[in-house]
2 protein chains.
Amino acid sequence: MANYCSPLDEVFLALGDPTRRAIVSRLGTGAASVKELAAPFAMALPSFMKHLGVLERSGLIRSKKQGRIRTCELEPATLRTAETWMAEQRAMWESRSDRLAAYVESLHAKEKTNGH
Amino acid sequence: MANYCSPLDEVFLALGDPTRRAIVSRLGTGAASVKELAAPFAMALPSFMKHLGVLERSGLIRSKKQGRIRTCELEPATLRTAETWMAEQRAMWESRSDRLAAYVESLHAKEKTNGH
DNA sequence: GCAATAGTTAGCCATATGGCTAACTTTAGC
DNA sequence: GCTAAAGTTAGCCATATGGCTAACTATTGC
């Protein structure tokens with residue numbers, strides 16, 4: 001709560017685009033240069049660089065330049081924070097629905113002892 | 001790949017806002033009316049309704065109106081699809097880094113047998 | 001050292017997002 | 001049936017996003 005611009009904002013926003021998810025996917029198989037990453041996309045380089053910018057700002061990827069080549073790499077820890085948030089939500093929902101199921105169960109049991 | 005506007009787009013975009021994540025969090029504890037949901041936020045109702053609209057469009061929540069009250073509820077299956085995508089990415093990255101570790105390990109072993 | 005390669009910067013454009021107010025529409029309650 | 005409550009619709013505004021072209025910078029390789 002009191003999320004005054006959480007890093008999660010940037011992470012989820014970054015993942016909310018198919019191009020960027022594809023980049024993350026690709027980087028899951030190993031580091032790559034900007035040119036390699038851009039190759040599959042029918043998009044001008046500057047447009048593509050913006051996507052990389054968003055990903056890097058979010059912390060999902062890291063990059064460094066050696067000579068004229070910039071190499072990008074996944075930062076799995078960041079992906080992890082998002083996964084964790086979602087797991088927490090699911091846990092909350094599941095514990096609640098477990099209690100609900102237990103309650104419904106207890107109603108059934110009561111009904112039975114009442115011979116109804 | 002070939003993500004011509006995947007539902008994941010909407011889901012991740014929806015989660016990329018603290019207000020909307022808070023709503024999801026709140027709904028994890030049980031269904032609620034629009035007014036109840038809106039109460040914690042210093043925001044005009046129409047603005048708040050837009051957030052609900054985004055969440056519903058993404059499939060993360062469901063709502064129905066009875067009388068003058070609209071009740072919103074979490075759709076955990078949708079949250080699940082996003083969690084699954086992330087788990088897949090992690091799996092990919094981990095299997096790759098496992099192979100990498102194994103490779104490094106094999107190099108060490110080789111070095112050892114070479115008496116170096 | 002000159003040309004090609006790999007990025008980068010600047011600036012334009014259309015559309016989407018996230019906020020607002022004001023006015024309207026149903027219900028629910030007295 | 002009139003008022004208050006709970007949403008909804010319409011329309012405005014500023015900023016962000018995602019795309020482009022054109023022009024520039026810095027390395028590399030011959």
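Letters go in sequence order (proteins before strands), and every chain restarts at 1.
- Helix-axis bend for the helix from C:dG1-D:dC30 to C:dC30-D:dG1: the local axis fitted to the five terminal pairs at one end deviates from that at the other end by 30°, rounded to 10°.
- Side-chain atoms of A:Lys35 lie closest to C:dG7 of the nucleotides D:dG19, C:dG7, D:dG7.
- Atoms CD1 (A:Ile69) and C1' (D:dT28) sit 9 Å apart, rounded to a whole Å.
- In terms of heavy atoms, A:Leu74 sits closest to A:Gly28 at CD2-CA, 4.0 Å.
- Atom CG in A:Leu13 sits about 10 Å away from atom C1' in C:dT17, given to the nearest Å.
- Each of A:Gly67 and A:Asp17 lies near DNA chain D, and the nucleotide nearest A:Asp17 is the one positioned closer to the 5' end.
- Of the side-chain N and O atoms in B:Ser47, one or more sit less than 4.0 angstrom from OP1 or OP2 of C:dC20.
- Neither OP1 nor OP2 of C:dA4 sits under 4.0 Å from any side-chain N or O of A:Arg68.
- Without hydrogens or angle criteria, B:Thr78 side chain to B:Gly59 main chain gives a donor-acceptor distance under 3.5 Å.
- If you check D:dG18, D:dC20, D:dG19 against the side chain of A:Ala44, the one that comes closest is D:dC20.
- Toward the 5′ end of DNA chain D lies the nearest nucleotide of A:Val54, the other residue of the pair A:Val54 and A:Gln66 mapping further downstream.
- Between B:Leu45 and B:Ala38, the shortest heavy-atom contact is CD2-CB, 4.0 Å.
- Among the protein residues, B:Thr19 comes within range of no part of the nucleic acid, since none of its heavy atoms lies under 4.0 Å from any strand.
- Whole-Å rounding puts the B:Asp9 CG to D:dG18 C1' distance at 13 Å.
- With hydrogens and angles disregarded, a donor-acceptor distance shorter than 3.5 Å links the side chain of B:Glu36 to the backbone of B:Ser33.
- Closest approach to the B:Pro46 side chain among C:dC20, D:dT27, C:dT8 is made by C:dC20 (side chain taken as heavy atoms from C-beta onward).
- Remark: P of C:dA10 and CG of A:Leu45 are 17 Å apart, rounded to the nearest angstrom.
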Please step through side-chain hydrogen bond (donor to acceptor under 3.5 Å, both in side chains) for the pair A:Gln66 and A:Thr71, ending with a clear verdict. CA-CA 8 Å; A:Gln66 298 181 96; A:Thr71 303; 4.7 Å; no
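- Nucleotide C:dG7 holds its P atom 16 Å from the CE atom of A:Met43, rounded to whole Å.
- Atom pair B:Leu52:CG and D:dG7:P shows a separation of 10 Å (rounding to whole Å applied).
- Within 4.0 Å of A:Lys50, counting heavy atoms only, lies at least one base atom of the nucleic acid.
- Not a single donor-acceptor pair under 3.5 Å links the side chain of A:Arg62 to the backbone N or O of A:Glu73.
- Candidate nucleotides D:dG7, D:dG18, C:dG7 were compared by shortest atom distance to the side chain of A:His51, and D:dG18 ranks first.
- Under the 4.0 Å criterion applied to side-chain N and carboxylate O atoms, B:Arg90 and A:Glu83 are assigned as salt-bridge partners.
- Rounded to whole Å, atom P of C:dA6 lies 13 Å from atom CG of A:Leu37.
- Closest non-hydrogen pair, A:Leu60 versus A:Leu15, comes out as CD1-CD2, 3.8 Å.
- Atoms CD1 (A:Ile23) and C1' (D:dG18) sit 13 Å apart, rounded to a whole Å.
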